[in-house]
Amino acid sequence: MKHLLSIDDLTTDEIHQLFETAADMHDVQNREVKKLPALRGRTVVNMFFEDSTRTRSSFEIAGKWLSADVINVSAKGSSTSKGESLRDTVLTVCAMGVDGLVIRHPASGAALQVSEWVDASVVNAGDGMHEHPTQALLDAYTLQRRLGSLEGRHVAIIGDLTHSRVFRSNIQCLTRLGARVTVVAPPTLMPSGVGAWSAAAGFETSYDIDAVLPTADAVMMLRVQRERMSGAFFPSAREYTVGYGLTRDRLALLKPDVPICHPGPMNRGLEIAADAADAAQSVVLEQVSSGLAIRMAVLYHLLAGDLQGENA
Ligand code: NCD
């Protein structure tokens with residue numbers, strides 16, 4: 001594996017291998033000295049052309065705990081704000097001898113395009129509305145730790161599906177691991193063409209959150225992505241919450257101890273009530289610590305040796 005651009009780049013075996021490595025990496029978090037020598041002498045650049053708190057810091061910490069040299073480049077403060085093209089910025093940075101390039105960009109397909117320009121291994125940390133593979137890996141890893149195998153488990157993904165790269169990567173990852181997936185959204189936030197896609201990929205769709213919640217073994221709430229909306233997709237925030245929010249009343253519809261996920265950042269009071277975000281069964285912060293372990297595993301496999309155990 002040279003790059004991680006999409007869940008599609010991974011075989012099911014490779015997903016399981018990444019989870020095994022992540023479990024080892026997870027143990028590092030409990031050590032007093034959180035440092036492994038695996039990527040000593042390697043350089044990783046985080047290039048973020050969109051806002052990020054957890055993804056960027058977790059890639060940064062992951063690289064540092066593996067002893068790589070990590071530098072951050074963001075759109076604000078880089079020469080792209082002076083008119084430099086993405087290609088020139090990327091080639092400039094890579095001319096400094098970079099081994100790994102972690103990129104987040106508002107354009108779908110940006111990570112793939114960049115991977116064709118550079119020799120470094122490219123990790124897609126979110127490209128527009130397209131994919132966010134490490135988020136899907138960390139979500140599945142978190143759920144697997146909670147539920148055991150995902151085989152036959154019913155996962156409900158609820159929220160702004162149209163604008164969500166997390167949903168697009170999760171569909172591939174969860175179905176590959178044998179989960180049954182139902183996606184729920186208001187009609188305006190259900191992606192167009194979802195009918196043919198769901199039939200081909202083997203997931204279900206629903207507009208009725210109250211019918212789906214009692215049957216779920218795990219619930220994944222997604223953020224309403226106002227920054228990607230050009231028009232009005234629902235009449236008011238209040239109406240969205242009444243129709244599709246995980247409210248305190250809806251918590252009672254869930255089977256006991258069903259894990260509640262949210263990739264963050266959360267709009268508390270809109271798609272998820274504080275009672276749900278802070279409930280004992282919420283795994284939102286566990287997703288963050290799993291994310292670190294998964295990103296350590298991904299950087300390790302890309303930069304220290306491939307998934308078959310040979311050197312890259
Ligand atoms: C997601 C993203 O950026 O795609 N967040 C994340 O990576 N933690 C989801 C979102 O922004 O809603």
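Whatever order the structure lists them in is the order used to number ligands and atoms, beginning at 1. Treat the numbers as computed from the prediction; the structure is a model and nothing was measured.
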S.K.: How close do Glu84 and Thr92 get, counting heavy atoms only, and between which atoms?
M.R.: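 For Glu84 and Thr92, the tightest heavy-atom pair comes out as OE2-OG1, 4.0 Å.
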
S.K.: With a 4.0 Å heavy-atom cut-off, what residues sit around ligand 1?
M.R.: Arg54, Thr55, Arg104, His132, Gln135, Arg165, Val166, Arg223, Gln225, Pro263, Gly264, Pro265

S.K.: Would Arg104 pass as a cation-pi partner of Phe48, given that its NZ or CZ must be under 6.0 Å from the six-membered ring centre and within 45 degrees of the axis?
M.R.: no

S.K.: Can you name the closest pair of heavy atoms from Tyr207 and Pro187 and give their distance?
M.R.: CE2-CA, 3.8 Å

S.K.: In terms of ring plane angle, is the pair Phe203 and Phe167 parallel, tilted or perpendicular, where the classes change at 30° and 60°?
M.R.: perpendicular

S.K.: Check the angle between the aromatic planes of Phe19 and His16 and answer parallel, tilted or perpendicular using the 30° and 60° thresholds.
M.R.: perpendicular

S.K.: Short question: side chain of Ser198, backbone of Gly195 - any donor-acceptor pair under 3.5 Å?
M.R.: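 Checked: pair present.
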
